[in-house]
Amino acid sequence: MKIFKIRIAQLIVFSAVFITASCSNSPESVYERMLDKYEAGKGGNITLMAEKFLMAFSEIKINYDDLFFNKSVILSVKGDNIEIIYPDSISIKGDKSISENISFADMNDENIILGNSKGFCVFDKDGDPHTVYKSENKERIDAVALKNKNVIYLSEGKMFELASGEKKVRRMDSGEYHSPYKKYFRSSMVVSDKFITLVTGIAGSYYISIFDVSSGTSLMKNISASSSELNMNDNNLSYVRGGTGSWSVEKYEIPTKKRSQVRGVGKINNIFIARDGFITVSDKKYIIESFSGEKGIMPQDWNIIGICRNAALIEYGKVVYLIEFPLLLQKIKELNEKTGEKFS
């Protein structure tokens, strides 16, 4: 009995040591040790530390070559295999024609939709297809999204709605929503619990229109914007206005139809807007900033490729890491403080 108790005690000690060692070798623990060492003035490899940062705080990582994403969803597309990887993890059951021609994608609590200019397919949350729509000969679909259980899409400047379980398409409202340049343009939609936002345009000239998600009625038509980059948070739309050297992030309060400037960002190469803030790119300098004014300088080795919902997609070494905006800003500020990175 005494020998048995000793072995149990040894096992407990071994397990504790193993768990401690495993935790100490986690990506976050490795990163924190590197950061502490750098702070202590003992040197440190900033490039390696930036890589460990991504490994420590990313929720998801995906091969760059397999990636499809927009403001609503992130997909991994490998041959015939389609996986929703954010904001949920779902395997899509579809044929090869779907994986080869995805232009639009969306998902909500009810369904998933994948489509292109010729049609779309709606799937349930198990990834099984249940509704297929193919456009007529002269019809071109320019944007697709989900409105509760229904599908909405833009075609020839008109918004249409396909009700769940029905085959008949109807106009969502009576308006027409064109691009500033009618011949060549791109369109996309972002849907929240309250609002549908449609953006259409090209080359720095865009129109944004907003609809009520319950009724489908138009709330605002043709807000002028300088980029297709935008996001929604509660009752506010954040988007980009201005021209070369004088860009700004604007806030549009949808219920009151009031527009205000969040911040002028001057001359930039690119901008990415999340629900809680934005990232600007200027001469390979990445600045992350919240709407309340908190800022951080991100590593130059990273390549910011977009925002999905409220998460940043960061490409490094052909791998794309996904980090939620508030966590990214918090950890970047800590990194800046300990490495002495300051705004010039």
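Numbering of residues begins at 1 and proceeds along the displayed sequence.
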For a quick test of your reading: what N or O donor-acceptor pairs under 3.5 Å do the side chains of residues 195-207 make, sequence neighbours left out?
{"unit_1": "T200", "atom_1": "OG1", "unit_2": "S187", "atom_2": "OG", "d": "2.7"}

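- Not counting sequence neighbours, E341 has no partner by the salt bridge (charged side-chain N to carboxylate O under 4.0 Å, His left out) test.
- Comment: K194 does not engage D234 in a salt bridge, judged by the lack of any side-chain N to carboxylate O separation of less than 4.0 angstrom.
- Pairs passing the salt bridge (charged side-chain N to carboxylate O under 4.0 Å, His left out) check and including a residue from residues 154-163, sequence neighbours excluded, read K147-E161, K158-E176, E161-R170.
- Distance OG1/T339 to CG/L335: 4.5 Å, rounded to 0.5 Å.
- The distance from the CE atom of M189 to the CD1 atom of I152 is 4.5 Å, given to the nearest 0.5 Å.
- For residues 59-76, the pairs satisfying salt bridge (charged side-chain N to carboxylate O under 4.0 Å, His left out) are D65-K318, K71-E229, with sequence neighbours left out.
- N222 is not listed as a side-chain neighbour of I208, based on a closest heavy-atom distance of 4.5 Å or more.
- In the hydrophobic clustering, F160 connects to F104, I113, F120, V122, Y133, I141, V144, L146, V151, Y153, L162, V169, either directly or through intervening members, whenever side-chain heavy atoms lie under 4.5 Å apart.
- For K125, there are no salt bridge (charged side-chain N to carboxylate O under 4.0 Å, His left out) partners at least two apart in sequence or on another chain.
- For residues 293-309, the set of pairs meeting the side chain to side chain donor-acceptor pair (under 3.5 Å) definition, not counting sequence neighbours, comprises T47-D301, E294-K333, N303-E315.
- Listed by first and then second residue, the ring-ring contact (aromatic ring centres under 6.0 Å, His included) pairs involving residues 210-253 are Y177-F211 (not counting sequence neighbours).
- Proximity of T256 to N235: side-chain heavy atoms (C-beta onward) are nowhere separated by under 4.5 Å.
- For the pair R171 and D173, the salt-bridge criterion is not met [side-chain N within less than 4.0 Å of a carboxylate O].
- S290 meets the side chain to side chain donor-acceptor pair (under 3.5 Å) test with S292; sequence neighbours excluded.
- Note on residues 75-84: pairs passing side chain to side chain donor-acceptor pair (under 3.5 Å), not counting sequence neighbours, are E83-S91.
- When the salt bridge (charged side-chain N to carboxylate O under 4.0 Å, His left out) test is applied to E250, the partners found at least two apart in sequence or on another chain are R259.
- Every residue meeting the salt bridge (charged side-chain N to carboxylate O under 4.0 Å, His left out) condition with E289, not counting sequence neighbours, appears here in chain and number order: R263.
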